[in-house]
Each structure stands twice: as C-alpha cells, then as structure tokens.
There are 2 protein chains.
Amino acid sequence: MERLWAVAWLLGEGMQSGLAERGLTLARAELLWQLQRNGACAQSALSAALRVTPRNITGLVDALEADGLVARSAHPSDRRATLVSLTEKGKATTAAMGRDQERFARELFADASSEELASLVGWLDRLLGRIRARLD
Amino acid sequence: MERLWAVAWLLGEGMQSGLAERGLTLARAELLWQLQRNGACAQSALSAALRVTPRNITGLVDALEADGLVARSAHPSDRRATLVSLTEKGKATTAAMGRDQERFARELFADASSEELASLVGWLDRLLGRIRARLD
DNA sequence: TATTGTTATACTCTATAACTATA
DNA sequence: TATAGTTATAGAGTATAACAATA
C-alpha cells in the first residue's frame, strides 16, 4: 500500500506548512496545541500527552518561554510541579495555527460534495480508531 | 479540521512503527525506499528526491554504509559523483519494510468492503494530487 | 519510596558555508 | 563557471542517567 505511505507523508508536510513562517517547529506547535485544547497543565502531563521524556519537555518549554508563547508558574498544591500556560501571544499564535489548518483542509476538499465529505469523515474516524487501538 | 491533523499524525506514527526494531530511523528508511524504487543513483539525485541538502545525504549514507545496508561505488561516467546502491542486506531490509507496511495497511482495512476500498483509493489519489500541487 | 523537573551527556536529523575535485 | 560530495560548525529534537526537592 505505497499510496498510504505517500498520503501519510504528504499530509504531514501539508499540515506542517506555515509553521516555520510563524517561528514554530512541529514539536513546539504540538505542545502549544495541547495547551490550547486542554488548558494549563504540569510538565509531567505534557510529557505523557506528547509521549516524550520529561527532559524533552523542559527544552521545549524553555524555547517557547523564551519566545513569550508560554509561561511557567507554581502549581497551587504540588510544590514539585510547574504549571505551563499559554500567554496572550501564545493564544494568538494557536488561533492563527488553527486558521492555517482550516484553510489547508478547505483547499483539499474544495470541490467535494457533502455526501463525499460525509463518507470521508466516516473513514477518518474509523482510521483514527484503528490506528489508536494499534498504537496503544 | 482537527480530525485531519490527528489522522496525519497517527498515520505517520503507524507507518513508522517497526522501523526501530529493524535498527532504522525514518530518514534512513526513506533513503532505502528511494533506492528500492528507483535503483542505484548518485547522492545528488537522492538529495533532490528526499528534498534535503547534499550534506545530509552524506551523513545518512555514511550511517547506512556502516550498517552494511548500502554501498558506495564510482559513477561510470562522472568522476565527481558517487553511486549509492542497496547491498543484499539492504534489499532484504527493504523487502521486510514492505511486508511491515502491507501488514499495517491490511490491519487498517481488514473489514472494509471492496466498494468502500475503491472509494477510499479514489480519495487517496485525489488527496495526493491536491497536496502535491499545493507543495510544489 | 515515588514523583517532578533539572543538569549532564550523547545521538540523529537538519541547515549553511567553505573547500576540493571534476565537468 | 558550475556541479558533486566533503569537512566544519551549529541548532533542534530526542534519549538515558544521576540528582535535588517534594510528596
């Protein structure tokens, strides 16, 4: 199924396009996206969500903090933990990323009928379920 | 279109699974795959095909050569160029990668009817065309 | 004892720039 | 002059291991 490889690769490239123009890498964008979806959280939670080591999160948060996109603060009840949250600039950036993604999706599906879109969405959901089941 | 992001991400993860067990990284696997598809070629051709710098190809070929998966040889007509080709071990490895990919695709589409598969293949081809057009 | 985040260290992928050999 | 591949250097992402502070 060489086609599947190609689609996976090209879809990935497409979804990444525009990040560099915003001064972001894929890893940093994923961290921002996680904060946008689930709100402020401890680095340990980010480590679990992004499936990378705590050390890796330290580096990503350092870089995003230096760019003013996220802020560290004390955890209210656990003095070991550090809360990471989006700054106003970070919120604006994730909103812009969302618009980029929406524009990309709209280009891809510009001439699809609503029945075609419905069938595609069905496929995507089933693929998501199967791949998640396979990875976990 | 958050679903599209998730599918792109999970599909990429799924296609990569198994590489580490074979001692490969994604970048090295892509170079091997290129050689398997198009046969032996100069490093400059690999640089163009993989869309990375010549310096990057040097490093990847160094690593694959050290693992005995590819071999460098003199170009027959251009003494500046270096031909890169798969060794027997490299051919066996790409064949195994192909089987891994096929098994993954079969798992994903195990319970799909042939009409569903046909419609999905149509979608994939159209997506490929659109994304390629957008990237180039 | 276990968890949270850090420092220390190392490997891979990637890039640019300067250089050599060849075309 | 231009191209093919290399050395030199640098930055980003990733990992493991050891450690301090806290739970």
Side-chain angles (χ1 to χ4, degrees), chain A residues 9 12-13 15-17 19-35 40-67 69-85 135, chain B residues 9 12-13 15-35 38 40-67 69-85 135:
Chain A
W9 173 253
E13 292 287 302
M15 300 309 274
Q16 283 178 53
S17 70
L19 291 184
E21 284 82 346
R22 301 196 182 282
L24 290 172
T25 62
L26 184 57
R28 292 175 196 179
E30 278 163 356
L31 198 156
L32 290 183
W33 204 247
Q34 173 67 22
L35 290 177
C41 63
Q43 294 189 193
S44 56
L46 290 172
S47 173
L50 273 60
R51 298 177 190 236
V52 296
T53 58
R55 176 62 184 90
N56 203 336
I57 297 296
T58 297
L60 294 173
V61 172
D62 284 350
L64 289 167
E65 195 176 31
D67 287 344
L69 297 169
V70 306
R72 282 181 166 102
S73 58
H75 191 286
S77 61
D78 187 340
R79 286 203 295 172
R80 296 170 304 178
T82 305
L83 271 187
V84 182
S85 55
L135 290 179
Chain B
W9 173 252
E13 292 287 303
M15 300 309 274
Q16 284 178 52
S17 69
L19 292 184
E21 285 82 346
R22 301 194 183 283
L24 290 172
T25 63
L26 184 56
R28 293 174 196 179
E30 277 163 357
L31 197 156
L32 290 183
W33 204 246
Q34 173 68 20
L35 290 177
N38 295 0
C41 62
Q43 293 188 193
S44 56
L46 290 172
S47 173
L50 274 60
R51 298 177 189 236
V52 296
T53 59
R55 175 63 184 89
N56 203 336
I57 297 295
T58 298
L60 294 174
V61 172
D62 283 350
L64 289 167
E65 196 176 30
D67 287 344
L69 297 169
V70 306
R72 282 181 166 104
S73 57
H75 190 285
S77 61
D78 187 338
R79 286 203 295 174
R80 296 170 305 179
T82 306
L83 272 188
V84 183
S85 54
L135 290 179

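Every chain is numbered from 1 and lettered A, B, ... according to where its sequence line falls, protein lines coming before strand lines. Computed from a prediction, not measured in an experiment: that's the story for all the values here. Just so you know, these numbers use all the heavy atoms, side chains as well, and skip hydrogens, waters and symmetry mates.
Note: CZ (A:Arg51) to P (D:dA15) measures 12 Å, nearest angstrom. Between the CG atom of A:Leu60 and the P atom of D:dA15 there is a distance of 10 Å, given to the nearest Å. Residue A:Gln43 contributes atom CD, which lies 16 Å from atom P of D:dT22 at whole-angstrom precision. Atom CG of B:Asp62 is separated from atom P of D:dA8 by 13 Å (rounded to the nearest Å). Distance B:His75 NE2 to D:dT3 P: 16 Å, rounded to the nearest Å. Going from atom CD of B:Gln16 over to atom P of D:dG13 covers 16 Å, rounded to whole Å. In this structure, A:Leu31 places its CG atom 15 Å from P of D:dA12, rounding to the nearest Å. Straight-line distance from the CG atom of A:Leu24 to the P atom of D:dA12: 13 Å, rounded to whole Å.
No engagement by B:Leu26 is indicated, since no non-hydrogen atom pair under 4.0 Å with the nucleic acid exists. Contacts of B:Thr53 with the nucleic acid, taken as non-hydrogen atoms under 4.0 Å apart, include base atoms. When heavy atoms are screened at a 4.0 angstrom cut-off, B:Ile57 is found touching no nucleic acid atom at all. As judged by a 4.0 angstrom heavy-atom cut-off over every strand, B:Arg28 is placed among residues touching the sugar-phosphate backbone only. Counting any heavy atom pair closer than 4.0 Å across all strands shown, A:Ala63 reaches no nucleic acid atom.
Side chains of B:Ser85 and B:Leu35 form no contact here, defined as non-hydrogen atoms less than 4.5 Å apart. Within the 4.5 Å cutoff, side-chain heavy atoms of B:Leu46 are placed close to those of B:Cys41. You'll find the side chain of B:Leu24 reaches within 4.5 Å of the side chain of B:Leu69, heavy atoms only. B:Gln34 has its side chain out of reach of B:Leu31: every pair of non-hydrogen atoms, C-beta onward, lies at least 4.5 Å apart. In this structure the side chain of B:Ser17 never reaches within 4.5 angstrom of the side chain of B:Met15, judged on heavy atoms.
Nucleotides of DNA chain C with any atom under 4.0 Å from a heavy atom of chain B span, from 5' to 3', C:dT12 to C:dA23.
Mapped onto DNA chain D by nearest heavy atom, B:Arg72 and A:Ser77 fall at different nucleotides, with B:Arg72 at the one closer to the 5' end. Nearest-nucleotide positions on DNA chain C for B:Gly59 and A:Thr58 put A:Thr58 closer to the 5' end.
Of all the heavy atoms in B:Ile57 and B:Leu50, the pair that sits closest is CD1-CD2, 4.3 Å. Counting all heavy atoms, side chain and backbone alike, A:Pro76 lies closest to A:Leu83 at CD-CD1, 3.9 Å.
Residues from residues 78-85 of chain A lying near DNA chain D, meaning a heavy-atom separation below 4.0 Å, are A:Asp78, A:Arg79, A:Arg80 in numerical order.
With rounding to the nearest 0.5 Å, the separation of CD in A:Gln43 from CZ in A:Arg55 is 10.5 Å.
Every residue was checked against the side chain to side chain donor-acceptor pair (under 3.5 Å) condition with B:Asn38, not counting sequence neighbours, and none meets it.
One finds a salt bridge joining B:Asp62 and B:Arg72 here, because a Lys/Arg side-chain nitrogen approaches an Asp/Glu carboxylate oxygen to under 4.0 Å.
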